[in-house]
Amino acid sequence: MNAIVALCHFCELHGPRTLFCTEVLHAPLPKGAGDSPGQGEQAEEEEGGIQMSSGICTHSPAEGASAESSSPGPKKSDMCEVCPGREGPIFFGDEQHGFVFSHTFFIKDSLARGFQRWYSIIAIMMDRIYLINSWPFLLGKIRGIIDELQGKALKVFEAEQFGCPQRAQRMNTAFTPFLHQRNGNAARSLTSLTSDDNLWACLHTSFAWLLKACGSRLTEKLLEGAPTEDTLVQMEKLADLEEESESWDNSEAEEEKAPVLPEGAEGRELTKCPTDSSLLSDCENWQPRKVSVFKSLRHMRQVLGAPSFRMLAWHVLMGNQVIWKSRDTDLVLSAFEVLRTMLPVGCVRTIPYSSQYEEAYRCNFLGLSPHVQIPSHVLASEFAVIVEVHSATHSSLHPIGCEEDQSLSKYEFVVTSGSPVAADRVGPTILNKIEAALTNQNLSVDVVDQCLICLKEEWMNKVKVLFKFTKVDSRPKEDTQKLLSILGASEEDNVKLLKFWMTGLSKTYKSHLMSTVRSPTATEPRN
């Protein structure tokens, strides 16, 4: 905790004085300032109390004024800032000088006026909210320190009163100013009042623990707003995977035990590995992975060429089935890892590599070996795009800029579809923005990735509005068209994209909307 804890004393002559303090040091002390509080035995005995000779300077607010003033009494500016006439905690301060938690208490002293002397333990810091939130903790712990000090001082007081009662002696003494009753002796130190030579070391230990414990009990958390749809979907997928794993464990426990070879363990896990898209990273144990072939979307665009990449990206964003045929499984997996970054997590369904064709309702990313036959209706479909990877006849199919492209120089990529994307077709707005970011060489790959995240979140917000408008509120088509115009998504490709992305909304968001609609307090008249 970035604060200072101090023990203060109220002197009848000088007002409040700081006797001892413990603070958090954030930088090495200068030379000569490294004396530990335990070396307080070098402290000077003064009339106002004990002033520590460590690297911390402590001064009474009245010292400067009283030295220059000829008046024996304290000025108005020298008045104490303590609880007048009673014990207890108080809080005061301002933004400029800091805020103070102070607990005032008295210590029995048989030689003091009223047989007691006033002290306070204070905690000073600039953070008002933190200090207020720490009030219950500080009050309890400081009260414990005070009780211990008062208990020690009470034993000394009772012993002194038993040996030489002061009350009767004072009653028999002629009235004189109280300050002259001490016969020239300075006020007693706290160590003598408590008869504890290790008092300052104990106080420093207590104050140091107080700072550390109070600082660790409250922590600040950076809130970045509500979780994104991708985060919610990933959490739901993880929960489903854990539930499925538990069911596998239960089913295995019911089966008869059989000898399991180490080689068979990997095979068994392979057959159970789900083919769901967002779990692709969990399925990578399906085969040992090499270094990624495609480094980024920009790299893939350079390899495929701008026209082929635009056609491929259009089908990806529209939710059409993307089929890669290649002998190199690492190449296929790398391609899917790059392409899936253009979609929300909930819209991705992947079968990384299969020996037979899988229907589009099962996956929108499908990897096939070269000998697999694709049905004719899929080849002619406008809802599918096929990327065939062949051995290149020459090594100049695309520019070779660095060693990372050497693995791709031996391949030729042929992108075909039953519905090729016309070069003059406007396409979805997000595709045009993605291409603009990829072609801007002033943007690094990391910056492009962040732009992609922002674009996806922007369009997912439009999807949420459209889902609430059409599926929950059941507004008519005329109102929907007006809404799409307001969202800037009235074009055909944008509408198709929004409808596909709507399938990627999390169950959490949908259930929240439905529960809000069913709630009686959520019923509002429509305009």
Side-chain angles (χ1 to χ4, degrees), residues 277 280-281 284 287 289-318 320-343 348 350-353 364-370 372 374 384-417 419-423 425 427-428 430-453 455:
S277 60
L280 175 59
S281 59
E284 290 179 357
Q287 189 171 357
R289 294 299 315 279
K290 301 177 183 176
V291 180
S292 297
V293 181
F294 292 104
K295 304 299 180 182
S296 62
L297 282 174
R298 176 178 289 171
H299 181 213
M300 180 179 286
R301 187 173 184 270
Q302 294 172 350
V303 172
L304 300 182
S308 296
F309 176 82
R310 180 177 175 82
M311 179 191 300
L312 179 61
W314 184 89
H315 284 279
V316 169
L317 292 171
M318 293 294 106
N320 298 333
Q321 191 174 42
V322 178
I323 304 172
W324 279 67
K325 298 183 65 176
S326 174
R327 289 188 177 89
D328 191 343
T329 56
D330 288 314
L331 184 146
V332 175
L333 292 174
S334 178
F336 289 163
E337 288 175 359
V338 170
L339 291 174
R340 72 202 304 266
T341 60
M342 290 191 289
L343 292 177
V348 180
T350 304
I351 296 181
Y353 207 72
N364 55 340
F365 290 103
L366 174 62
L368 298 176
S369 59
V372 175
I374 300 177
V385 61
I386 302 171
V387 181
E388 295 182 274
V389 184
H390 305 293
S391 298
T393 55
H394 51 84
S395 60
S396 59
L397 294 175
H398 58 84
I400 304 300
C402 56
E403 293 183 358
E404 67 181 18
D405 288 336
Q406 294 296 330
S407 60
L408 296 175
S409 61
K410 57 185 178 181
Y411 294 125
E412 179 182 5
F413 299 89
V414 180
V415 183
T416 58
S417 173
S419 175
V421 179
R425 186 166 182 170
I430 189 173
L431 174 59
N432 298 326
K433 291 185 177 180
I434 290 175
E435 286 197 311
L438 296 177
T439 55
N440 189 345
Q441 297 300 323
N442 293 325
L443 302 181
S444 65
V445 174
D446 292 335
V447 173
V448 172
D449 291 341
Q450 294 302 315
C451 291
L452 196 57
I453 293 174
L455 287 173

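Each residue takes its place number in the sequence, starting with 1.
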Identify the two heavy atoms, one from Leu317 and one from Pro428, that lie closest to each other, and give their separation to 0.1 Å. CD1-CG, 4.3 Å
Between Asn320 and Trp314, does the side chain to side chain contact (heavy atoms under 4.5 Å, CB included) criterion hold? Intermediate values first, please. CA-CA 9 Å; Asn320 298 333; Trp314 184 89; 3.6 Å; yes
Heavy-atom closest contact (Pro370 atom, Tyr353 atom, distance): CD-OH, 4.0 Å
Do the side chain of Arg298 and the main chain of Leu438 share a donor and acceptor less than 3.5 angstrom apart? yes
Shortest non-hydrogen contact between Ile351 and Phe336, atoms and distance: O-CE1, 4.2 Å
In Å, rounded to the nearest 0.5 Å, how long is the span from CE of Met311 to OG of Ser417? 6.5 Å
Between Arg327 and Val332, is a side chain to side chain contact (heavy atoms under 4.5 Å, CB included) present by the stated rule, with each step listed? CA-CA 9 Å; Arg327 289 188 177 89; Val332 175; over 6 Å; no
A side-chain contact here means heavy atoms from C-beta on lying under 4.5 Å apart; do His299 and Gln302 qualify? yes
Tightest non-hydrogen contact, residues Ala313 and Leu431, listed as CB-CD1, 3.7 Å
Can you list every pair that meets salt bridge (Lys or Arg N to Asp or Glu O under 4.0 Å) and has a residue in residues 436-450, with sequence neighbours left out? none
Any side-chain heavy-atom pair of Phe365 and Val316 under 4.5 Å: yes
Working to the nearest 0.5 Å, report the span between CG of Asn364 and OG1 of Thr350. 6.5 Å
Tell me every residue that passes side-chain hydrogen bond (donor to acceptor under 3.5 Å, both in side chains) with Ser326, counting only those two or more places apart in sequence or in another chain. none
Taking side chain as C-beta onward, heavy atoms only, is Leu297 less than 4.5 Å from Val448? no
If you round to the nearest 0.5 Å, how far is CG of Leu312 from CG of Leu304? 6.5 Å
Is Phe413 close to Leu331 at the side-chain level, that is, under 4.5 Å between some pair of heavy atoms? yes
To the nearest 0.5 angstrom, please state how far the CG atom of Leu366 sits from the CD1 atom of Ile323. 5.5 Å
For Ser369, enumerate each residue passing the side-chain hydrogen bond (donor to acceptor under 3.5 Å, both in side chains) test, keeping only those at least two apart in sequence or located in another chain. His371
Using atom types as modelled and distance alone, determine if a side-chain donor or acceptor of Ser334 lies under 3.5 Å from a backbone N or O of Asp330. no
Can you tell me which residue among Ile430, Ile434, Leu455 is in a side-chain contact (heavy atoms from CB on, under 4.5 Å) with Met342? Ile434
Which heavy-atom pair separates Thr439 from Arg301 by the least distance, and what is that distance? CG2-NH1, 3.3 Å
Pairwise side-chain contact, Lys433 with Leu452, heavy-atom cut-off 4.5 Å (strictly under): no
Tightest non-hydrogen contact, residues Val445 and Ser296, listed as CG1-CB, 3.9 Å
If the test is side-chain contact (heavy atoms from CB on, under 4.5 Å), which one of Leu368, Val387, Val389 qualifies with Lys325? Leu368
To the nearest 0.5 Å, how far apart are CD in Gln321 and CD1 in Ile386? 8.5 Å
